[in-house]
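Quantities reported herein were computed from a predicted structural model and do not represent experimental measurements.
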Amino acid sequence: MNRMLKATAVAALCCTVAGTGYVGVAQAAGHDGGADGSTVRATHAGSTGRVDSFVGEKKISVEGHSVNVSCAGRQTGRKPVVMLVAGLGDGLGAMADLQRTLSEKNRVCSYDRLGEGGSDKPEGPQSMADTGRVLTGVIDRVSGDSPVVLAGHSLGGLIAARYAPDHRDKVKGLVLMDATSSTTTADVTRVIPESATGDAGDLRAQTIGVMQGQNPENLVVPDGKVRSAGWIPAEVIRHGQQYLAQFPAYGPRLEADWTKGQYTWTTVSHRGTIRVAENSGHYIYVDRKDLAVKSIQRVAAEVTQQNNGRWGHEGR
């Protein structure tokens, strides 16, 4: 099996991996830099000190590390800030086109997690709590008192879904685009036996290795139950194209587990819904950008409406 097919197969399970290296869609598409594909001068607005309302790309200090952040669009009224969370192996440039489109209606930010893109490398293994603290630092810097909608792809979706239940005061909406299943390691080890050889054996070993921290972020991603973030609007989008036909002995069961995992993610909210991105592979925001945009805008609009209601009630 060639490197691209291996990359696609593992991407269908957790991330984007090519052989022993990592290839992100940003690199494949030629993206580099800020929301428009280039490094943009950071500008500042406001004097409250509570939010850094820059537009463009800049590095901020979080937890003693330099973190690369990109923002587009201006914050207006009571709209939420949309925070894009990319998949493993993808820098913030991977979602630049999506960010640019969304910024027509909302302030939209993205960032490189430690070990990705222009951010510092982690000093050692990272836990989910570690990557969550970095996300908190970024959100606090770019959103101020505004609510946040997290829109995550692949591993970024898993990170967003695990982060939201512990940050209900800030995260008011979720969009999960083909989010890595919360039971990825268990699914792979159950379906592909340890005795498997060849491409299937490689797929098993690579997937387990990545989830155990053999990835650019040194991030350990254990399986876990899906916890609820309450009644926030949440949309899950799963891919429509079948990925794993090249593994006839194991592919159908892995695809079934992946689909089950997507439905399980809807329980992150009591109002969770799921949509299928027909004719889309794992990179839904590339293959079906229209669907990704509509879902994120729909959730953001609902958060805005709720925020207006809250303010109106408090003002009476």
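With rounding to the nearest 0.5 angstrom, the CD atom of Gln212 is 13.0 Å from the CG atom of Asn218. Atom CG in Leu158 sits 4.0 Å away from atom CH2 in Trp265 (nearest 0.5 Å). Residue Ser110 holds its OG atom at 9.5 Å from CG of Leu98, rounded to the nearest 0.5 Å. Between the CG atom in Leu291 and the CD1 atom in Ile284 there is a gap of 7.5 Å [rounded to 0.5 Å]. In this structure, Asp120 CG and Asp112 CG are separated by 11.0 Å, a value rounded to the nearest 0.5 Å. If you take CG on Asp202 and OG1 on Thr207, they are separated by 10.0 Å, rounding to the nearest 0.5 Å.
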Which is it for Thr304 and Asn307 under the side chain to side chain donor-acceptor pair (under 3.5 Å) test, yes or no, and what are the steps along the way?
-> CA-CA 5 Å; Thr304 300; Asn307 201 28; over 6 Å; no
Before giving the answer on side-chain contact (heavy atoms from CB on, under 4.5 Å), spell out for Arg227 and Asp166 the whole-Å C-alpha distance, their side-chain angles and the decisive distance to 0.1 Å.
-> CA-CA 9 Å; Arg227 295 180 297 125; Asp166 294 325; 3.0 Å; yes
Dump the intermediate steps for side-chain contact (heavy atoms from CB on, under 4.5 Å) on Lys260 and Thr183, then the final yes or no.
-> CA-CA 10 Å; Lys260 180 180 177 181; Thr183 56; over 6 Å; no
Determine, step by step, whether Arg133 and Asp130 satisfy the side-chain contact (heavy atoms from CB on, under 4.5 Å) criterion, reporting the C-alpha distance in whole Å, the side-chain angles of both residues, the deciding distance to 0.1 Å, and the verdict.
-> CA-CA 5 Å; Arg133 282 191 291 271; Asp130 293 328; 2.3 Å; yes
How far apart are the C-alpha atoms of Ile296 and Val108, what are their side-chain angles, what is the distance that settles it, and do they pass the side-chain contact (heavy atoms from CB on, under 4.5 Å) test?
-> CA-CA 11 Å; Ile296 295 170; Val108 187; over 6 Å; no
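One hydrophobic cluster, built from ILVMFWY side chains closer than 4.5 Å, cannot hold both Met128 and Val220; they sit in different ones. Hydrophobic clustering (side-chain heavy atoms under 4.5 Å, transitive across Ile, Leu, Val, Met, Phe, Trp, Tyr) keeps Val191 apart from Ile208. Note on Trp231 and Val171: separate hydrophobic clusters, where clusters join Ile, Leu, Val, Met, Phe, Trp and Tyr whose side-chain heavy atoms are under 4.5 Å apart, directly or indirectly.
The two residues Ile139 and Met83 make their nearest non-hydrogen contact at CG1-CE, 4.3 Å. Between Leu114 and Pro122, the closest heavy-atom pair is C-CD, 3.8 Å. Taking both residues in full, the closest heavy atoms of Lys172 and Pro147 are given as CG-CB, 3.6 Å, listed atom of the first, atom of the second, then distance. Across all their heavy atoms, Leu88 and Arg113 have their closest contact at N-NH2, 3.7 Å. Here the closest heavy-atom approach between residue Asp223 and residue Ala186 is recorded as OD2-N, 2.8 Å. In this structure, Ile237 and Ala292 approach most closely via the heavy-atom pair CD1-CA, 4.2 Å.
Listed by chain and residue number, Glu235 satisfy the salt bridge (Lys or Arg N to Asp or Glu O under 4.0 Å) test with Arg275 (two or more places apart in sequence, or in another chain). Glu116 is linked by a salt bridge (Lys or Arg N to Asp or Glu O under 4.0 Å) to nothing, counting only residues two or more places apart in sequence or in another chain. Remark: Arg107 pairs with no residue by the salt bridge (Lys or Arg N to Asp or Glu O under 4.0 Å) rule, at least two apart or across chains.
Aromatic ring pairs are classed by plane angle as parallel below 30°, tilted from 30° to 60° and perpendicular above 60°; the pair Tyr283 and His153 is tilted.
Between Met211 and Thr180, the closest side-chain pair of non-hydrogen atoms falls below 4.5 Å. When side chains are defined from C-beta on, Glu278 counts as touching Arg288, because their heavy atoms get closer than 4.5 Å. Arg162 places a side-chain heavy atom less than 4.5 Å from the side chain of Val221. Within the 4.5 Å cutoff, side-chain heavy atoms of Val85 are placed close to those of Tyr111. The shortest side-chain heavy-atom distance between Phe54 and Cys109 does not fall under the 4.5 Å cut-off. Counting only heavy atoms from C-beta outward, the side chains of Leu92 and Glu57 approach each other to under 4.5 Å. Residues His239 and Trp258 are in side-chain contact: their nearest non-hydrogen atoms beyond the backbone lie under 4.5 Å apart. Taking the side chain as every heavy atom from C-beta outward, Arg141 and Val67 never approach each other to under 4.5 Å.
Counted by atom type alone, Thr184 and Asp187 present zero donor-acceptor pairs between their side chains at under 3.5 Å. Side chains of Tyr163 and Thr136: a donor on one and an acceptor on the other come within 3.5 Å. Thr131 and Glu217 share no side-chain donor-acceptor pair at under 3.5 Å.
With hydrogens and angles ignored, the 3.5 Å screen pairs a side-chain donor or acceptor of Gln75 with a backbone N or O of Lys79.
Residue Lys289 qualifies as enclosed at atom NZ: its count of foreign heavy atoms under 6.0 Å is above 12.
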